[in-house]
Amino acid sequence: MSKEEQPAASVEDDLPEQLRIRREKRAGLIERGVEPYPVSVARTASLAEIRAKYASLETDSTTGDIQSLTGRIIFKRDTGKLCFATLREGDGTELQAMLSLDKVGQETLDSWKSDIDLGDIVSVSGEIITSKRGELSILANSYAIAAKSLRPLPNDHKPMSEETRVRMRYVDLIVRDEARANARLRPAVMRSLRETFHQQNFVEVETPMLQVMHGGAAARPFKSFSNAYDMDLYLRIAPELFLKRCVVGGIERVFEINRNFRNEGADSSHSPEFAMIESYQAYGDWRSIADLTRTLVQNAALAIAGSHVVTHHDGRKADLGGKWREISLYDAITEGVGESVTALTPLEDLKKIATKLGMKIDPKWITGKLAEEIFEHVAKDQLIAPTFVMGFPIDTSPLVRAHRELPGVAEKWDLYVDGFELATGYSELIDPVIQRDRLVEQATLGAKGDLEAMQVDEDFLRAMEFAMPPTGGMGMGVDRLLMALTGLGIRETILFPLVKPEVD
RNA sequence: GGGCCUAUAGCUCAGUCGGUAGAGCAACGGACUUUUAAUCCGUGGGUCGACGGUUCGAGCCCGUCUGGGCCCA
């Protein structure tokens, strides 16, 4: 037969052996009048409920308790007249199913052996018993297929490669305990964060993700376009300017937990989209907001670990309890480089220091930026226990008020844990005239080619001109909080991190 | 942006000196009524990431590209 005469059939024929065989089994079931994807199957209890109910059933006992249980088959042992299978449900709970010739008959036993594969989801109906080896089991009177898997599960005994885990998280969740645990850790942390906020009378709001203007942080945005309005829109890089509008409007304690988007590099601690908490507290300042931040982190640790001491996935313990260390940014630099550095140290002197340290210097860096870079170079790696780094340069902090004593310094801290920046907090700048000057400075930098510089948001300035009360504000990366609590890389804390598409 | 490692069966991985592609699990056929990484006998399964080069001959050597990981800035 020539190629032209057999067009469509080849798609199925080209499949790898194991995929082809399962498709054939599906077709075989349909042919025999068995629905491989029924609208419902019998289910009277979850596996977890049965496990809890019979936590201490003696070996080789019967209960007379007839149930219908469902689960994915992750392990199957077929013998001549008695078959075993391990069912697993979504949270990882497992239960053994047994099918014996004398209970189900030859036809059902044969179909179980030939139709049912690893990965299939089934419903088994029968009595809850324990086997002669003491395994809690359901001894089937009948079974029904709930959903036929057309793909084989990966080898259950060898871990999947990192790429496969991320690309097929659904399979990762089926086979790997830690993946299931991580997926449930995140919502537990989220719940704890919201509870802490609610305890302190903070109001949760949702502010725009699609913005006419991006602002509130130094970062490159993703750009989009609205057909209806015929204008450019940006995915937000931070919600700050909208949350401050809330404070102006009298929502005195406000927070938002939502996604930000930054069009920058991705590595083990940066993702192009990431979850962020921002919170503002009227009549607070950088110290009160630091206390709030510590409470949020410590309560989250309690929620998932039952203690302020958390255990990382590699077994390392991290103590997040107590009152955290505070260091001054410029003191840390001074100590790290062995000569006195303050916010008034000129750019040229900082350049000499950086050169001596062997750092690459970007000529676009302003004085404060260079000081921050030197700090990261000399001190960052040592900041393992939670540490507030206090007093950042004012020229890189356009939304922060000046330090009440130190010239050239802003009332801004960064919180470091495990050597990375977990959160940042300010005494917010509330003088609208100074705020305008700072944003105009930023716009000038932007005009000079700084792609991370902020724009002048006139509506935000108008809001500020209606007067915002003295306010403390903070921002914390949720993914990074999970990293600090678990020691995982950012791509493990995010269920579906961005991956480049596979090529054929 | 720079450096290093990596891509082979559904999954996890070997593959020596350049000479017809291997294992475990999984799959297929058979045996087995207490297994739990079941066991025993047998069988099939591959565009070795893509493209180009060197060579009588390339999974292996060289170049380019793509995906992934790690380190540095």
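Hydrogens, waters and symmetry mates play no part in the numbers below; they use all other heavy atoms, side chains included. Please read these numbers as outputs of a predicted model, since none were measured by experiment. A, B, ... follow the sequence lines: proteins, then strands. Residue 1 opens every chain.
- In this structure a side-chain-to-backbone donor-acceptor pair under 3.5 Å is missing from R72(A) to L87(A).
- Among U34(B), U36(B), G68(B), the nucleotide with an atom closest to any side-chain atom of R491(A) is G68(B).
- Residue R167(A) is classed as a sugar-phosphate contact, given heavy-atom separations below 4.0 Å to backbone atoms only.
- Of all nucleotides present, none satisfies the Watson-Crick or G-U wobble test against A14(B) with each distance under 3.5 Å.
- Distances from the side chain of S131(A) to the nucleotides A27(B), G67(B), U36(B) place U36(B) closest.
- Each ring pair (Phe, Tyr, Trp, His ring centres under 6.0 Å) pair with one or both residues in residues 113-156 of chain A, not counting sequence neighbours, appears once here: W112(A)-Y143(A).
- Here T164(A) lies in heavy-atom contact (under 4.0 Å) with sugar-phosphate atoms only.
- Which of U34(B), U12(B), A26(B) sits closest to the side chain of P152(A) comes down to A26(B).
- Across all strands, E135(A) comes closer than 4.0 Å to base atoms (heavy-atom distances).
- Judged by distance alone, with hydrogens and angles left aside, the side-chain atoms of D479(A) form no donor-acceptor pair with the main-chain N or O of F274(A) at under 3.5 Å.
- Between the CG atom of D172(A) and the P atom of C11(B) there is a distance of 14 Å, rounded to whole Å.
- Comparing G69(B), U33(B), U12(B) against the side chain of S100(A) picks out U33(B) as the nearest.
- We find that CG of D362(A) is positioned 20 Å from P of C72(B), with the value rounded to whole Å.
- Looking at heavy-atom distances under 4.0 Å, D156(A) makes no contact with the nucleic acid at all.
- In this structure A27(B) sits in a base pair with U43(B), meeting the Watson-Crick or G-U test at under 3.5 Å.
- In the set C11(B), U33(B), G67(B), C11(B) carries the atom at the smallest distance from any side-chain atom of M160(A).
- Only the C1' atoms considered, A14(B) is 23 Å distant from G57(B), to the nearest whole Å.
- A close approach under 4.0 Å does occur between a side-chain nitrogen or oxygen of K81(A) and OP1 or OP2 of U33(B).
- Base engagement by L101(A) is indicated by at least one non-hydrogen atom pair under 4.0 Å involving a base atom.
- Rounded to whole Å, the C1' atom of C17(B) lies 36 Å from the corresponding atom of G42(B).
- Within the structure, every side-chain polar atom (N or O) of K158(A) is placed at least 4.0 Å from both OP1 and OP2 of C25(B).
- Of the candidates U34(B), G10(B), G45(B), G10(B) carries the atom nearest the L19(A) side chain, counting heavy atoms from C-beta on.
- A heavy atom closer than 4.0 Å to some atom of RNA chain B occurs in D102(A), D117(A), L118(A), these being the qualifying members of residues 102-123 of chain A.
- In terms of position on RNA chain B, the residue among K76(A) and K360(A) whose nearest nucleotide sits closer to the 5' end is K76(A).
- When distances are taken from the side chain of K500(A) to each of U36(B), G10(B), G67(B), the shortest belongs to G67(B).
- Taking atom P in both G59(B) and G3(B), one finds a spacing of 29 Å when rounded to whole Å.
- The C1' atoms of C28(B) and G45(B) are separated by 10 Å, rounded to the nearest whole Å.
- In this structure, the nucleotide among A27(B), U12(B), C70(B) sitting nearest to the side chain of K25(A) is A27(B).
- Side-chain to base pairing of Q18(A) with A26(B): one donor and one acceptor N or O lie within less than 3.5 Å of each other.
- Applying the 4.0 Å criterion to OP1 and OP2 of G68(B), one finds that S161(A) has every side-chain N and O outside that range.
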